[in-house]
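Report on the following structure.
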Amino acid sequence: MRRQVLDGLLEARAQRRAVALITDLASGAQRLVPRSEAARDALADRLEEAFRFDQSSSHDGQFINVHNPPLRLVIIGAVHIAQSVIPIAQQLGYDITVIDPRGAFATGARFPGVMLHDEWPDEVIPTIGLDPRTALIALTHDPKIDDPALKLALASDVFYIGALGSRKTQGSRVARLRETGFAEADVTRIRGPIGLDIGARGAPEIAVSIMAEMTRALRLGA
């Protein structure tokens, strides 16, 4: 691997940018294609599939080696549903961050081995950043905590945004966000009520529905 290619790969990894390393199997020549430029590449269709499914493959004498950043899940609210979501998300390879300014909830005893922040979301999120390999779910039911996080998520390119609550709660949430200047196309990105409609009851089943919907968004863009 040429030093220029290696440096580009390391830089992309450090900046959490998805890239594909394409190697010509006959000549050994290599090039990097950022995901942001994949649609304009000769291998556009193959690259889109490779990035979406984290799947390296060969095509027409070229090997596509995908380098996606690790998946991240930002959870707003150190609540009991979060405790059920986390083990499933970890099994699926997500790095977890839990944010809740209520220090009595965001404790290591309740969330062992998880990155915790007992600060307000709009203080924490700008420091950790949001990107296309990040999902954000808001679980507190408290607009003072959830809404600032949702606003930051809507202004970003996270692949999934979900918020806990009934259809009535979602309607009120959407109305508040519209009043702050978000367009209809923006607010419809919020999946609410959160999770696939599988008749879930109780925190463990709701967690399954959330992670199923998140996986569908990640893999199928739906």
Query raised in the report: Taking atom types as modelled and ignoring hydrogens, do the side chains of T169 and S172 form a donor-acceptor contact shorter than 3.5 angstrom?
Result: no
Report task. Could you note down all residue pairs passing salt bridge (charged side-chain N to carboxylate O under 4.0 Å, His left out) where residues 147-156 supplies at least one of them, sequence neighbours left out? Result -> D147-R176
Report task. Considering only NZ, NE, NH1 and NH2 on the basic side and carboxylate oxygens on the acidic side, decide whether D95 and R133 come within less than 4.0 Å. Result -> no
Report summary line: Apart from L25 itself, its cluster of hydrophobic side chains linked below 4.5 Å comprises F63
Name every donor-acceptor pair, under 3.5 Å, that has one atom in a side chain of residues 122-129 and the other anywhere in the protein, sequence neighbours excluded.
unit_1: E123; atom_1: OE1; unit_2: W120; atom_2: N; d: 3.3
unit_1: T127; atom_1: OG1; unit_2: V124; atom_2: O; d: 2.5

Query raised in the report: If you count the non-hydrogen atoms of other residues, nucleotides and ligands that lie under 6.0 Å from NE2 in H80, is the total more than 12?
Result: no
**Report entry** salt bridge (charged side-chain N to carboxylate O under 4.0 Å, His left out) against K144, all qualifying residues, sequence neighbours excluded
**Finding:** D142
Requested in this report: Report the distance from atom CD1 of I206 to atom CZ of R201, rounding to the nearest 0.5 Å.
Outcome: 8.5 Å
Query - Neighbour count >12 (heavy atoms, 6.0 Å) for atom CD, Q4 - result: no
Query raised in the report: What pairs meet the salt bridge (charged side-chain N to carboxylate O under 4.0 Å, His left out) rule with one or both residues in residues 21-46, with sequence neighbours excluded?
Result: R31-D41, R35-E48
Donor-acceptor contacts, no H, no angles, side chain residues 153-160, under 3.5 Å, sequence neighbours left out:
unit_1: S156; atom_1: OG; unit_2: A153; atom_2: O; d: 2.7
unit_1: S156; atom_1: OG; unit_2: V158; atom_2: N; d: 3.3
unit_1: Y160; atom_1: OH; unit_2: E213; atom_2: OE1; d: 2.6

Requested in this report: Report yes or no: do V85 and V74 belong to one cluster of Ile/Leu/Val/Met/Phe/Trp/Tyr joined by side chain heavy-atom distances under 4.5 Å?
Outcome: no
